[in-house]
Every structure is written in C-alpha cells, then in structure tokens.
Visitor: 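Attaching a single structure in structure tokens format; questions to follow.
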Protein chains: 2
Amino acid sequence: MSKCEQCIIRQFNSLKSLTKEELIRISGCKTTKTIKKGEIIFEEGENINGVFCVKDGICKLSKLSANGKDQIVKLVVKGDLLGQRSLVGEESANLSAVALNDMEVCFIPKHEIMNDLQQNSKFSFDVLQQMAKDLKESDDIIVNMAQKSVKQRLAETLIYVYNHFGNNDEGFLDVILSREDYANIVGTATESAIRILSQLKKEGLISTSGKQIKIEDLKGLESIE
Amino acid sequence: MSKCEQCIIRQFNSLKSLTKEELIRISGCKTTKTIKKGEIIFEEGENINGVFCVKDGICKLSKLSANGKDQIVKLVVKGDLLGQRSLVGEESANLSAVALNDMEVCFIPKHEIMNDLQQNSKFSFDVLQQMAKDLKESDDIIVNMAQKSVKQRLAETLIYVYNHFGNNDEGFLDVILSREDYANIVGTATESAIRILSQLKKEGLISTSGKQIKIEDLKGLESIE
DNA sequence: GACAATATATGATATTTGTCATGTTTTAAC
DNA sequence: GTTAAAACATGACAAATATCATATATTGTC
C-alpha cells in the first residue's frame with residue numbers, strides 16, 4: 001500500500017502541515033478505496049467519522065431538497081479533503097458525495113486524526129483556513145443564486161469548470177457533467193439548462209458534441225448579463 | 001472600561017475558551033464602540049484586521065451584487081463574533097456589516113488575538129467549530145435559494161426571526177426589519193416581498209402594524225409549499 | 001452492430017417573479 | 001403638530017423560468 005508520507009497529493013491540502021511522524025501513523029491506519037463513476041461516497045445523514053483525501057477524480061457534494069431535486073453545492077477535486085466538517089462536530093453529514101468520474105480516495109478515521117487537530121496548531125490552522133475559504137465561496141454562491149439569472153449562473157459554471165479543470169486534447173471541457181448536473185449546480189430545471197446551452201450554442205459562445213462542451217468565446221460568456 | 005474577563009457575553013462565543021490571562025491581555029487592547037442603527041461597521045473590501053464581539057444589538061452581513069442589490073447572507077446577534085474570517089487570511093472583508101438596531105461591540109485587533117489562535121488549541125478548535133457551523137448554514141441557504149419559492153423562503157425567514165429573537169410584549173417580532181431587508185434576505189424584489197407579506201396577512205398567517213409583524217399561525221407558515 | 005435505457009432537445013403553455021407606475025401610510029425631523 | 005422623506009402597498013404588465021408533452025440522439029450492454 002502506498003504511503004502518505006510519500007504521497008504528493010497531500011501537498012495540495014491541509015495534510016501538508018502534518019509532521020513526518022504524524023503522517024507515518026496516519027498512513028498505517030488509512031484505507032484506500034477505488035470509487036466508480038456514479039457511486040456514492042457518503043450520503044446526507046450518514047455518520048462518516050473521518051476525512052477522505054481525494055487522490056484522483058472528481059465528486060459532487062449535493063443535498064436533496066424537499067421537492068426531490070438535488071442541489072449541488074460544491075465540486076471536490078483531486079487534492080481536496082472531503083468531509084472535513086465531520087471532524088469538528090458530532091453531527092452526521094449535511095451533504096451527499098457522489099463520484100463524477102472514477103476516483104481514488106484515502107479514508108482517514110476521525111479518531112486517528114483528531115489528536116493532530118488538537119495538538120498540531122499548524123495543521124488545525126490550515127484546516128481553519130480551508131474552512132474559511134469554503135465559507136467565502138458558499139456566501140458568494142448565495143449572492144449569485146439570489147441575484148443573477150439562470151443564464152448568467154450557467155455561463156459562470158461553464159467558466160468555473162473551464163478554469164478549474166481545463167480542456168482535453170480536442171478542446172472540450174475535461175470534466176463531463178450531464179445537463180442534469182449543470183441544472184443542479186445552477187439551481188434550475190434540467191430543461192431550462194438544456195435550453196440555455198442550446199441558446200449559447202446558437203450565439204456561438206459554446207459548441208457541443210454529445211455531452212462534451214467546448215468553450216468558443218470565453219469573453220462572450222463572461223459578459224452575459 | 002469594562003473587562004473581558006468579567007464580561008458575560010463571551011460565554012456565547014469562542015472567546016470562552018481563552019484563559020484568564022489571555023482575556024486580561026485582550027481586555028487591555030480592545031476598544032468598545034457604540035454603533036447607531038443603520039451605521040456601517042465595516043464594508044466589503046475593507047481591511048478589518050480584527051474581530052468584533054457583539055455585546056448588544058443585531059447587524060446584517062450583506063454583499064452588493066452587480067445589479068445594485070444588497071444580498072443579506074447572515075444576521076449577526078448579541079454574543080456572536082463578527083469578522084472571524086479576517087483572522088485566518090490576509091484578504092479584505094467579503095461582506096459588509098450594517099447595524100439593524102443600536103449596537104455595542106468590542107473590537108479586538110487581529111495581532112493581539114492571532115497568537116492565541118495559534119497557541120491555544122481549545123480556542124482555535126472552537127473557532128473552527130463555529131466556522132463549520134456557519135458553513136453548514138450557508139450550504140443550507142444555497143439549497144433553499146435554489147429550490148424553494150420566494151413565498152417559502154420568506155415564510156422561513158419569518159420563522160427564523162421568530163425562533164431567534166422572539167416577540168416583544170405585544171406579540172410582535174422583536175427584531176424590526178424593513179420590507180427591503182426581508183427582500184434582501186430572501187433574494188427577491190422589494191415589491192414581491194411586500195406583496196407576499198400582504199398575501200400572508202390575507203391568509204391569516206401573520207398580522208402587521210406599520211413595520212411590526214406578528215406571527216399568528218406558526219404551523220401555517222411552516223406548512224407553506 | 002442492434003437494442004434498450006438514458007440523456008438531450010424543443011415546442012406549447014402555465015406559473016412565478018420582476019418592473020414600472022402611482023397612490024397611501026408611516027416615520028422622523030423640525 | 002406639520003411636513004417632507006422614506007417606506008409600504010397595489011395594479012398592470014413584462015420577463016424569466018417551470019412544467020408537460022413528445023421527439024430525437026447518444027451511450028452502454030449484450
């Protein structure tokens with residue numbers, strides 16, 4: 001089994017602030033899992049009791065609302081920690097995590113890492129910083145949800161995916177989301193998301209091939225209002 | 001000047017985890033301010049470089065969106081800390097804070113409290129817990145914004161205000177928000193908020209007297225869909 | 001490569017929400 | 001108390017978005 005202290009992924013998250021000794025101990029108790037596209041990592045209400053370090057792949061964090069629709073709150077990617085909130089409270093998960101492509105994650109049990117969170121102040125400060133960043137992002141999303149049109153939000157989502165995950169060889173966005181996923185990020189009906197993508201296509205801002213989307217005019221997308 | 005170590009307010013926030021020595025030091029460098037209703041405590045983009053401990057009163061945290069409307073993200077009340085995020089990053093404030101009634105706050109400069117955040121792990125863990133709670137709340141608001149109707153959101157806001165601030169002697173909500181504030185919490189046009197309040201009045205779920213609102217049928221409000 | 005399952009696409013229509021206009025009430029200042 | 005400013009209220013209409021129906025395309029499976 002691979003070792004945390006040699007794992008390059010930890011450079012991207014708070015685990016980088018652990019000492020070599022701490023890493024070795026954690027390496028001994030972690031479990032590595034492979035998760036297939038579409039599989040559930042954990043569900044709303046579940047007791048996860050640990051954090052996942054995402055070695056590869058992408059997943060969505062979402063919450064089921066009363067009307068039966070899933071609202072995607074955040075995309076979690078390679079290098080991120082997943083389930084950090086489970087460390088600081090006894091409550092169960094507020095969101096569900098579902099893989100958007102094949103993933104590899106390491107699970108670190110809560111009881112193994114809690115000591116470090118209490119003792120290693122550099123580590124806990126790092127976690128605090130990450131949480132503060134997440135909070136800022138969530139607050140910004142609230143403002144967008146409340147004040148921007150569906151078209152603007154969808155355009156911004158495309159730009160977000162482009163900025164964070166880039167293109168593949170053929171120039172298509174490297175992360176493939178279904179129209180339903182886009183709708184669930186933007187907070188609209190699937191048909192509305194589809195309709196707006198068609199519209200963006202007609203306006204020459206994007207092009208598509210099946211589920212793949214290519215951004216043709218970034219400036220144009222940015223200036224939608 | 002009053003002393004932090006004797007201040008009862010700190011029991012309600014993370015400052016309760018500071019040692020007596022830490023409190024005495026902080027007491028010596030804090031400044032107490034009185035803020036009148038409507039006054040700005042800090043603005044988006046400002047460098048606040050410290051936290052405010054709210055001794056009395058209520059303020060709104062909001063962000064100006066591109067279309068010129070203010071979106072209220074959170075209400076901060078007596079006992080809360082304000083500006084916690086300024087402690088964990090160098091960036092300027094993401095939100096503006098404006099008093100909703102007369103307030104009394106104590107300002108603690110960042111450089112005085114940063115050491116405690118790094119050294120006192122109980123304190124930093126407390127801050128972390130609060131941040132995690134805020135994050136959960138923000139995520140829940142995103143879901144509500146995306147998936148619920150304006151009427152539902154407004155009803156929930158009324159219930160929220162009722163649960164958190166209660167009634168005055170005459171049975172009216174003890175916090176008086178303008179119709180515009182309600183609109184800015186819910187993320188709708190002021191006229192829409194007014195219209196829906198009128199509707200709720202006709203349905204017998206609330207009654208009003210000027211800006212004052214009385215909840216007449218809590219169950220009814222809760223069951224709007 | 002055929003087939004079923006799933007996802008995408010689009011029209012027609014209903015509903016929700018926003019905008020503009022205008023009048024009334026409330027609040028706060030003198 | 002008067003009065004001007006601000007906040008509240010409501011109608012008429014426009015725009016945005018959701019819903020329902022149905023057709024087509026794509027994807028994964030055998």
Side-chain angles (χ1 to χ4, degrees), chain A residues 36-39 65-71 98 100-102 144-155 157-158 172-173 176-203 206-214 224-225, chain B residues 36-39 65-71 98 100-102 144-155 157-158 172-173 176-203 206-214 224-225:
Chain A
K36 289 243 166 58
K37 177 177 170 179
E39 279 182 7
S65 78
N67 64 15
K69 277 191 191 159
D70 233 24
Q71 178 63 35
V98 175
L100 288 174
N101 49 30
D102 292 351
N144 285 344
M145 282 292 178
Q147 306 285 357
K148 295 191 176 170
S149 69
V150 172
K151 190 173 180 184
Q152 278 177 300
R153 270 142 50 198
L154 185 49
T157 302
L158 291 170
F172 290 104
L173 290 178
I176 297 184
L177 298 173
S178 68
R179 305 294 196 258
E180 189 180 6
D181 283 332
Y182 277 110
N184 291 346
I185 292 173
V186 164
T188 191
T190 305
E191 296 95 320
S192 296
I194 290 172
R195 223 179 286 274
I196 289 171
L197 286 174
S198 300
Q199 201 182 332
L200 295 176
K201 220 161 28 174
K202 277 191 196 120
E203 294 168 7
I206 63 171
S207 61
T208 66
S209 166
K211 304 183 71 154
Q212 300 197 96
I213 297 176
K214 188 186 290 187
I224 286 174
E225 44 183 87
Chain B
K36 289 241 167 61
K37 178 178 169 178
E39 279 183 7
S65 79
N67 63 15
K69 278 191 190 159
D70 233 24
Q71 178 63 35
V98 175
L100 288 175
N101 48 30
D102 293 351
N144 285 343
M145 282 291 178
Q147 307 284 356
K148 294 189 177 172
S149 70
V150 173
K151 190 172 179 185
Q152 278 177 301
R153 280 176 291 167
L154 184 50
T157 302
L158 291 171
F172 291 104
L173 291 178
I176 296 185
L177 298 173
S178 67
R179 305 292 197 260
E180 190 181 7
D181 283 332
Y182 277 110
N184 291 347
I185 292 173
V186 164
T188 191
T190 305
E191 296 95 323
S192 296
I194 290 173
R195 223 180 284 275
I196 289 171
L197 286 174
S198 300
Q199 202 181 331
L200 295 177
K201 222 163 22 175
K202 275 190 197 122
E203 293 168 6
I206 63 172
S207 61
T208 66
S209 166
K211 303 183 72 156
Q212 300 196 95
I213 296 175
K214 187 186 292 187
I224 285 175
E225 44 185 271

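Each chain gets a letter, A, B and so on, in the order its sequence line appears, and its residues count up from 1. As a basis for the values below, the full set of heavy atoms in this structure was taken, side chains included, without hydrogen atoms, waters or symmetry mates.
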Visitor: What is the separation between atom OH on A:Y182 and atom C1' on D:dT17, rounded to the nearest whole Å?
Guide: 21 Å
Visitor: Between P on D:dG28 and CG on A:D102, what's the gap in Å once rounded to a whole number?
Guide: 11 Å
Visitor: So which atom in A:R153 and which in A:G187 form the shortest heavy-atom distance, rounded to 0.1 Å?
Guide: NH2-O, 3.4 Å
Visitor: Dump every N/O contact between nucleotides 19-28 of chain C and the protein below 3.5 Å, one line per pair.
Guide:
residue	atom	partner	partner atom	Å
C:dT19	O4	B:R195	NH2	3.0

Visitor: Below 4.5 Å, heavy atoms only, C-beta onward: do A:I196 and A:Y182 meet side chain to side chain?
Guide: no
Visitor: Given atom CD1 of B:I196 and atom P of C:dT17, what is their separation to the nearest angstrom?
Guide: 6 Å
Visitor: Base, sugar-phosphate, or nothing: which does B:S149 touch, judged by heavy atoms less than 4.0 Å apart?
Guide: sugar-phosphate
Visitor: Work out which heavy atom in A:K69 is nearest to a heavy atom in A:A189; give both atom names and the distance.
Guide: NZ-CA, 3.9 Å
Visitor: Answer yes or no: is there a donor N or O on one side and an acceptor on the other, between the side chain of B:R179 and the main chain of B:A193, under 3.5 Å?
Guide: no
Visitor: Where do B:E180 and B:T190 come nearest, in terms of heavy atoms and distance?
Guide: CG-OG1, 3.7 Å
Visitor: Within the 4.0 Å heavy-atom criterion, would you say A:K148 contacts the bases, only the backbone, or no part of the nucleic acid?
Guide: nothing
Visitor: Roughly how many Å is it from CD1 in A:I194 to P in D:dT22, rounded to a whole number?
Guide: 17 Å
Visitor: Whether A:S198 contacts C:dT10 is assessed here as follows: a side-chain N or O lying under 4.0 Å from the phosphate OP1 or OP2. Is that the case?
Guide: yes
Visitor: Using only heavy-atom distances, determine whether the side chains of B:T208 and B:K201 contain a donor-acceptor pair under 3.5 Å.
Guide: yes
Visitor: Taking only side-chain N and O atoms of A:T208, does any of them lie within less than 4.0 angstrom of OP1 or OP2 on C:dT8?
Guide: no
Visitor: Nearest-Å distance, CG (B:N184) to P (D:dA7)?
Guide: 12 Å
Visitor: A:T188 side chain N/O closer than 4.0 Å to the phosphate oxygens (OP1, OP2) of D:dA18?
Guide: yes
Visitor: In whole Å, what is the span from the CD atom of A:E225 to the C1' atom of D:dA16?
Guide: 16 Å
Visitor: More than 12 heavy atoms of other residues, nucleotides or ligands under 6.0 Å from CD of B:Q152: is that the case?
Guide: yes
Visitor: Tell me the interatomic distance from A:L197, atom CG, to C:dT10, atom P, rounded to whole angstroms.
Guide: 11 Å
Visitor: Please report the distance, rounded to the nearest Å, between CG in B:D181 and C1' in D:dC8.
Guide: 14 Å
